[in-house]
Amino acid sequence: MIIRNFRKILHGGDYNPDQWLHVPGVIDRDFELMGKAHCNTFSVGIFSWAQLEPEPDRFEFAWLDSIFERCGGSGKKIFLATPSASKPAWLAHFWPDSRRADRAGIRQWWGARQNSCFSSPGYRERVRIINRKLAERYAHHPALGGWHIGNEYHGECGCPLCRDKFHHFLRRRYGTLENLNQAYASAFWGHTFTDWDQVEPFDYSMDGAALDWWRFCTELIVDFFKMEIDAVREYSDAPVTTNMMGLFPTLDYWKFAPLCDFISDDCYPDWSGGDTEQEAARLSFRHDMHYAMLDKPFVMMESCPGVPNYMNRPALRRPGEFEREMLLALGHGADGTLYFQWRKSANNCEKFHGAVIGHDGSDQTAVFRRVASYGEKLERLGGLAGARKNPRIALIYDWESKWALEQCSFGGGEKCKQHDETILSHYRALWNRNMDIAVIDSGQDFTRYKLLAVPMLFLFKRGLAERLRKFAEQGGTVVATYLSGYVDESNRCFFGGNPGGPDGRALFGVWNEDLDTLPPEIPQSIRWKGKSYPVLDYAEILHLEGAEAEGVYTQDFYAGTPAVTRKRLGKGCLIYLGARTGMEFLNDFYGALLEETRIEPVLRGLPDSVRAERRTAHSSGDYYFLFNLSAHEQTVPLPFAMIDVWNCGMETESVILPPNGATVLHAERGPEK
Ligand code: GAL
């Protein structure tokens, strides 16, 4: 359960009553409509610092007290925010170093949000004070469900304090300048450092320094997050979280996860792009990552009940899309779906952002009606809260590897590298087969999985090759690809060949001599199991050193050389895909591999455009989620009778999914897994 003693699927959103304190009737109407919408949980106070502390040490809690009373009185829970995301003007005035600085050390102006310096002693102290005040006051209130710490932390600062902390970080990491110079190979361009202070933050001209800067920014923010939690913990032991932003490029969220009691994430998919399957897979991928981070249910903390204002062409949602989006989260392990935002603001940059309540205050809009209908149906899923997932397949996503790859001047530009898209394409091929998948980082335990997909893991951390070896020896199957194991943790190239230097090369039984980065006008393809598949962007020149070739290139000067290899090891094997292909190959390849490894899908025999997820509740059996990714009705035969809990509560052996529809079925006892 996310909230102690609250066995419900959470439903609600960001609620900002502080914007309406002087407008009669609005808050009364909010509470009336919250009831109608079957909402039970709200994040409150995210941007309320100026209302809670209008001037230093003068606190005004009366308005928040009354929100707590109203929520408590109507059985609702509050995720109380610490308001650090948006500092009051007085704070920036009295503590100017709370404003972030750019690379040249120039301080930013006060406005906007999420732009404070995480090192600033004044800012840290004021955050500690307000957090302690909030925790002291509300720790024992029955409406308190948990702590929403900060909001979407991110950013970097070039002030003298941050510089200094960065240099301390480097000292801790390398011990001596000699070690740092070696790791950075700083003799290149004569950038040998003779003093720690010479290492520039934001120095993207040095691949190792760039990687360390991003590592440092994550560490600094995690430290700030911990400081916020510690302040709250002086009074309250309610669960804490901070809302993540999916694959946000410059934060390593794996480092935040251990501090959270539950993971939460903000999700804004765009269903208007025309490729529903791709968008659904993208969303599913991040949900699977958020479940895997703590191996337990998470919360979709923000989602849009209408459409976000900032999208290119914010097309209204088509029937079915909203409910399918919410159920996608629940099916992948969420125990709650909340919205940004409950009510549209009266002004400023989010005044047209989708919300449950618009400026008309109506409960007759399509948005309100679908939210209310979804909320009502959620009450049928009480038994789902806490239900688990048990994936046997894991896919690796490492931020450090992504940073290293994207930082390198090599392998074409961003459009060519496509780090996230590549990993997603492997996920997609597995999800297309209705597999239950965990998205993990390379530091996690592999032993519970049977298949490990490691696409484009450019950076091999220390010990990885050994851990992959053990995994394979004990019966696991590893799939690695082109652009894997080129650099170590300092972004320094491996000596002794790729993938992964001598250890990795021996492990995969293959030597990658070079990379052909192909423009579209140079054709290449591979032949695998008698069929030919086009190669896109990348083809590595491989030599067998213990592996067998299962696929070969068909064109150009390396025609006939290995493109897909397999090394058998102990009870398992390691497969290396030397070339980037389209989805057709990935679908066929993983299809064959799944048959070979006998990993069962969630359900078999589904129509092509239908996907399934399963969660297992401790006491009440399995919940099956079905998603129609097409704009046509789909009839789905079920392998055994289940109760259609979402729609009719009746037992059924087949389900008709409307266009873009989704449903939830319940089975007391599933088939053997
Ligand atoms: C999130 C943010 C919210 C709101 C929302 C709009 O990133 O946390 O406060 O701005 O985006 O989509």
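First listed ligand is number 1; within each ligand, the first listed atom is number 1.
Numbered from 1 in the order shown, with element, the atoms of ligand 1 that lie under 4.0 Å from a heavy atom of Tyr310 read 6 (C), 12 (O). Of all the atoms in ligand 1, the ones that sit under 4.0 Å from a non-hydrogen atom of Glu350 are 4 (C), 5 (C), 6 (C), 10 (O). The atoms of ligand 1 that sit less than 4.0 Å from any heavy atom of Asn151 are 2 (C), 8 (O), 9 (O). Close approach to Asp266 involves these atoms of ligand 1, each under 4.0 Å from a residue heavy atom: 8 (O). Each of the following atoms of ligand 1 lies closer than 4.0 Å to a heavy atom of Phe47: 9 (O).
Taking the six-membered ring for Trp and the full ring otherwise, the centers of Phe224 and Tyr123 sit less than 6.0 Å from each other. Aromatic pair Phe262/Phe298: centroids not less than 6.0 angstrom apart. You'll find the ring centres of Tyr339 and His11 inside the 6.0 Å limit.
Nearest protein heavy-atom contact of atom 3 (C) of ligand 1 is Glu302 OE1, 3.4 Å.
Under the ring-ring contact (aromatic ring centres under 6.0 Å, His included) rule, Phe225 has a single partner from Trp147, Phe118, Tyr153, which is Tyr153.
Annotation: cation-pi geometry satisfied between Arg70 and Phe31 (NZ/CZ under 6.0 angstrom from ring centroid, within 45° of ring axis).
Here atom 6 (C) of ligand 1 lies nearest to His353 when heavy atoms of Glu152, His353, Gln114 are compared.
Residue-to-ligand polar distances keep Asp14 apart from ligand 1: every N/O pair is separated by 3.5 Å or more.
The backbone N or O of Ile437 lies less than 3.5 Å from no partner atom in the side chain of Trp431, so there is not a single donor-acceptor pair. A donor-acceptor contact shorter than 3.5 Å links the side chain of Arg107 to the backbone of Asp97.
Ligand 1 lies less than 4.0 angstrom from a heavy atom belonging to Arg113.
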